[in-house]
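Worksheet for the structure shown next.
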Amino acid sequence: MKDLYKALGVSETASEADIKKAYRKLAKEFHPDATGGDKSKTERFKDVSQAYEVLGDTKKRAEYDRLRRAPMGTDGMPQGFDPDLFAQIFGGMGGRGGGGGGFRVSQDVGGDLGDIFANLFGGRGGFSGGGRGPSRGPDMQGTLRISLEEAANGTRRKVKTGSGKTVEVQVPAGVESGGRLRVTGQGGVGPGERSPAGDLYLEIEIEPHPHLRRSDTDLELDLPVSLSEAILGAKVQVPTIDGHVWLSIPPGTSSGRKLRLRGKGMARPDGSRGDQLCRIEIVVPRLAPDDEESVRLVQELAKRTQADKVRPF
């Protein structure tokens, strides 16, 4: 079997983060856009991409490690090789989410099964799960940067394909950073007239939002409020992925309390949406040293609210 760890320049004990870091570095170095179409470097780019397709996925990596350690049988295949299991793990049928128009968002993009089989075994043996047809063009890799609002609600974006033309792709609602969008048949062109094109893989990168943070399907917001708003209660405008909305602050709200805006989070697989959690942060005013009247009022407030009894210890 081919040494995929060697292709990425990592050890067999490399962590997921190290594998991803090595892949990104090599993909950037050998990407056809950066090498001017150098054929040898394009092949290196393809080897790196195929290695990451296996080592970047926990299940595929575990099965690859098991097969490469197994003794070889008389048929040139690892002992205990199960074609159906191989097809199930490496067939690219897993992943999260989906999208229309033949596009698929997934953390588990498998590519062509025959290509992966040949990559792992060097073309030896006979695999009934799928033969190799005409040589495909190389798969292409890229990054698609989108806003948090686009990730939450879904969007359509125009991207350049391996053949140089521009196509529109659908990004489904609820995608995550690191998810991969597979655009079938829009990668590098094949070596012959009848050769099918490779696929285009776009890694989703969600740009940071100035106020909102993602927590699974929920969104979080640090919400500053004044001392008077916290004590007396108020209605304040807060940002959401759907625009600003009014939020009621109950009287007597303390710092750290979380107020929930239902249905203002990210899309879930069942079509529902998560919530937005607004964490209250009371902003205490700084009084001028000569503002004797304000100091007197705060001292009076302290007496009325028994400030020395707010701590339980």
Are [X] and [Y] packed together at the side-chain level, in the sense that at least one heavy-atom pair is separated by less than 4.5 angstrom?
X	Y	value
V159	L202	yes
S147	I206	no
I146	E207	no
E29	F45	no
K20	S15	no
P251	I231	no
L219	L277	no
I19	L8	yes

Can you measure from [atom1] ([X]) to [atom2] ([Y]) and round to the nearest 0.5 angstrom?
X	Y	atom1	atom2	answer
L4	K6	CG	NZ	12.0 Å
K258	E220	NZ	CD	5.5 Å
S49	M140	OG	CE	9.0 Å
I282	S255	CD1	OG	4.0 Å
L221	T240	CG	OG1	10.0 Å
Y5	D65	OH	CG	3.5 Å

Stepwise side chain to side chain donor-acceptor pair (under 3.5 Å) check, E229 with S226: CA-CA 5 Å; E229 289 173 329; S226 68; 3.3 Å; yes
Cation-pi geometry met for R182 and Y201 (6.0 Å, 45°): no
How far apart are the closest heavy atoms of [X] and [Y], and which atoms are they?
X	Y	value
A152	A267	O-CB, 3.9 Å
L200	Q186	CB-O, 3.6 Å
R214	V175	NH1-O, 2.6 Å
W246	K235	CZ3-O, 3.5 Å
D3	Y64	CA-OH, 3.5 Å
A14	D18	CB-CB, 4.2 Å

Other residues, nucleotides, ligands: >12 heavy atoms within 6.0 Å of E292 CD: no
Using modelled atom types only, decide if a donor and an acceptor are shared between the side chain of [X] and the backbone of [Y] within a distance under 3.5 Å.
X	Y	result
R268	R273	yes
D139	D199	yes
S294	D291	no
Q276	P239	yes

Taking a hydrophobic cluster as the set of Ile, Leu, Val, Met, Phe, Trp and Tyr residues connected by side-chain heavy atoms closer than 4.5 Å, whether directly or through intermediates, do [X] and [Y] fall within one such cluster?
X	Y	result
V225	V298	no
L297	L301	no
V283	L227	no

Is any side-chain N of the basic residue among [X] and [Y] closer than 4.0 Å to the acidic one's carboxylate O?
X	Y	result
K60	E63	no
R279	E281	yes
K264	D242	yes
R180	E203	no

Pair D218, S215: side-chain N/O donor-acceptor within cut-off below 3.5 Å: no
Full working for side chain to side chain contact (heavy atoms under 4.5 Å, CB included) between I241 and H209: CA-CA 10 Å; I241 53 175; H209 192 277; 5.6 Å; no
Step-by-step side chain to side chain contact (heavy atoms under 4.5 Å, CB included) determination, V236 to L223: CA-CA 10 Å; V236 299; L223 179 60; 4.2 Å; yes
Side chain to side chain contact (heavy atoms under 4.5 Å, CB included) evaluation trace for I249 with I280: CA-CA 9 Å; I249 309 295; I280 300 298; 3.9 Å; yes
Y52 ring center near Y23 ring center (under 6.0 Å): yes
Step-by-step side chain to side chain contact (heavy atoms under 4.5 Å, CB included) determination, L287 to V295: CA-CA 7 Å; L287 303 180; V295 171; 4.1 Å; yes
Passing candidate, side chain to side chain donor-acceptor pair (under 3.5 Å) with E168, options R156, R157, K158: R156
Test log, rule salt bridge (charged side-chain N to carboxylate O under 4.0 Å, His left out), inputs E43 and K46: CA-CA 5 Å; E43 286 301 312; K46 186 174 182 180; 5.5 Å; no
